[in-house]
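In this text, all values refer to a predicted model and were calculated from it rather than measured experimentally. Each chain gets a letter, A, B and so on, in the order the sequences are listed, and its residues count up from 1.
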Amino acid sequence: MLAVGALLTATVALAQDPDLARRQAEAAAEIAARAEEETVLAEGEGRSETFAYCTACHNTALIRRSAFTRDRWDDLMDWMVEKHGMNPIDGEFRTTIVDYLAQHYGPRARGPRGGNPFLD
Amino acid sequence: MPGYKRTERSVAELYRDDPERADALVWGRRDTLKGAGLAAMGVALGSAIPFARHLPSGMLPAALAQGTAPQFLQMEGKARLILQGERPLNAETPEALLDDDVTPADKFFIRNNGSVPEPAGDPRAWKITVDGEVNTPLELTLGDLEARFPLVTARLQMECGGNGRAGFSPQAAGNQWGNGAISNAEWTGVRLRDVLRAAGLKEGAKFTGHHGADTHLSAQGPAISRGMRIDKAMEEDTLIAIRMNGQPIPQMHGAPARLLVPGWPGSLSQKWFTRIELKATPHTGRGMGGTSYRMPVRPIVPGSRNNGADFADMESMPVRSVLTSHAHGARLPAGTRALDIRGQAWAGDLSVRAVDVSVDFGQSWQAMAVAAPPNRHAWQRWSGRVAFPSDGYFEIWYRATDSNGRMQPHAAANWNPQGYGANPISRAAVLVG
């Protein structure tokens, strides 16, 4: 009984910690603000332009997890303009970025789960 | 042993670089498995594959599926969730952490479209506005809500609209969720319909539009603002929630008040909820229209371009299951011949009629026991025992069937550019011995 009582008290204390909400909000902001180096992206022509333009809004996880054809990367430029208020991107600059993304983050063979749990 | 290690790598790398050739080399183009291929695969996995001959041609063993090693969230008050992205901050709950019947706060997945707002100074003074097609627009504090309307409590599943997206091939845009963007907490709040009736719905109130306090990452406008048909807003289980698991709602999950629209895409369950509009026409906020939270009515070619004009809004989520007793990659003692397993299953607005499990790549299926939900829109516990004929590499395939008889399919169906509705049969790899 004592053990159960202590456990309950601990749980309630954790959940009602008046400062936890603030600390979690700060932790989320800290994670979001975590500095990234350009080199987190694959090396290649257009990397600097891609890194600079894209990370104005989001970090590179959205790029690194992606595996799209050139057409789909191109569509996503318009989608971000239309739906997410990105400054329109055209001409040579757009070509540079879309070419870079298509070359380094193109389609790849994937399975239903990531990695091999019995190796590595 | 360097030579052994090289062999392991070569098979895995072959699958990554040229899966068709790997398939031909390892499995053979014919239906029967070549001796050399079996040996190669066995070396790659470090084990024999007793049911290898039943693995459909072209399917990779789950353990050989390619992907980068996941990164994990480290945050006070949160479990070791799979980090999907830092900005916006998104994190998925590994299936094996979903074993609790009531999802605790630390194991609740994190989905943000924008920035996490600062905590409210005085939660009871938080205001919620009801306006648009109503007779009497309302502005209610949380104190008013509790005083004026009955509080109800229920276990409600709430799932990201993109849950399962990683199942799509070719890849769809968005967080590459496995099955872990799902929760089943115990929510307390007031029924949205009670509040809407207090405001008095006009004849033209056919749709809702939801608003919250989080801002878009570009700092321009709201993070997301979605809406639904009025029928769902008037359902018994659709709540303005003010407590989760008997406690104030955690900041990461929408404190101090959020909508809870169980069974429908989680984006409707507006976090940091501030306002609901009643509208005569569908809402046009960020996250509405085009390919956002919308799916093809006439199926399209996977990977093709489409602006979504003919798509329909995603409503009730499809049937899905998770295995919670054993993690993908679990090692079991040599000689293990029977294994008790369990998990959870749910089906949007419907319930789950059956869960079946296969450990021989789908050659035979075995019915599991499925418990009734404690209330509508709660997920359901499934459990049972499977048998292994030998030591070696096995995959546990688990498949739920909803109350209309629809099963999880073998492959993600109805591909769409932003990847909604993927609910293929899940596969967890286990190694006996």
Engineer: B:G289, B:P117, B:G174, B:A219: which one forms the most heavy-atom pairs within less than 4.5 Å of chain A?
Structural biologist: B:G174
Engineer: Is there a side-chain contact between A:D74 and B:R305 (heavy atoms, below 4.5 Å)?
Structural biologist: yes
Engineer: Counting heavy-atom pairs under 4.5 Å to chain A, which of B:P88, B:A105, B:A172 comes out on top?
Structural biologist: B:A172
Engineer: Can you measure from CG (A:N59) to CG (B:L217) and round to the nearest 0.5 angstrom?
Structural biologist: 9.5 Å
Engineer: Should A:R22 and B:E118 count as side-chain neighbours, where that means a heavy-atom distance under 4.5 Å?
Structural biologist: yes
Engineer: So which heavy atom on A:F68 is nearest to which on B:A173, and how close?
Structural biologist: CZ-CA, 3.5 Å
Engineer: Please look at B:M244 and chain A and tell me whether the side chain, the backbone, both or neither of the residue comes under 4.5 angstrom of a heavy atom of that chain.
Structural biologist: neither
Engineer: Can you tell me which portion of A:I31 sits under 4.5 Å from chain B's heavy atoms? Options are side chain, backbone, both or neither.
Structural biologist: both
Engineer: Can you tell me which portion of A:S66 sits under 4.5 Å from chain B's heavy atoms? Options are side chain, backbone, both or neither.
Structural biologist: both
Engineer: In Å, rounded to the nearest 0.5 Å, how long is the span from NE2 of A:H84 to CG of B:N113?
Structural biologist: 7.5 Å
Engineer: Side chain, backbone, both or neither: which part of B:S115 has a heavy atom under 4.5 Å from chain A?
Structural biologist: neither
Engineer: Are B:N175 and A:R65 close enough that some pair of their side-chain heavy atoms sits under 4.5 Å apart?
Structural biologist: yes
Engineer: What heavy-atom pair brings A:C57 and B:R87 nearest, and what distance separates the two atoms?
Structural biologist: O-NH1, 3.1 Å
Engineer: Using non-hydrogen atoms only, which part of A:T60 is less than 4.5 Å away from chain B: side chain, backbone, both, or neither?
Structural biologist: neither
Engineer: Testing the basics here: between A:K83 and B:S292, what is the closest heavy-atom pair and its distance to 0.1 Å?
Structural biologist: CE-OG, 4.2 Å
Engineer: Looking at every heavy atom in both A:A25 and B:P119, which two are closest together, and how far apart are they?
Structural biologist: CB-CD, 3.9 Å
Engineer: Is it true that, when you exclude B:Q74 itself, more than 12 heavy atoms of the residues, nucleotides or ligands shown sit nearer than 6.0 Å to its CD?
Structural biologist: no
Engineer: Do A:Q24 side-chain atoms and B:E76 backbone N/O form a donor-acceptor pair below 3.5 Å?
Structural biologist: yes
Engineer: Below 4.5 Å from any heavy atom of chain A, which atoms of B:S304 appear? Answer side chain, backbone, both or neither.
Structural biologist: neither
Engineer: Please classify the contact between B:I110 and chain A as side chain, backbone, both or neither, with a heavy-atom cut-off of under 4.5 Å.
Structural biologist: neither
Engineer: Report which part of B:A327 has an atom under 4.5 Å of a heavy atom belonging to chain A: side chain, backbone, both, or neither.
Structural biologist: neither
Engineer: Does CD in A:E38 sit with more than 12 non-hydrogen atoms of other residues, nucleotides or ligands closer than 6.0 Å?
Structural biologist: yes
Engineer: Which atoms of B:M75 come close to chain A, meaning under 4.5 Å heavy atom to heavy atom: side chain ones, backbone ones, both, or neither?
Structural biologist: side chain
Engineer: Just how far is it from atom CD of B:E86 to atom CD of A:E30, taken to the nearest 0.5 Å?
Structural biologist: 10.0 Å
Engineer: Using the test salt bridge (Lys or Arg N to Asp or Glu O under 4.0 Å), find all partners of B:R286 that sit at least two apart in sequence or belong to another chain.
Structural biologist: none
Engineer: Go through the atoms of A:A56 and report whether side chain, backbone, both or neither lie under 4.5 Å from a heavy atom of chain B.
Structural biologist: backbone
Engineer: For B:P417, is it the side chain, the backbone, both, or neither that has a heavy atom closer than 4.5 Å to a heavy atom of chain A?
Structural biologist: both
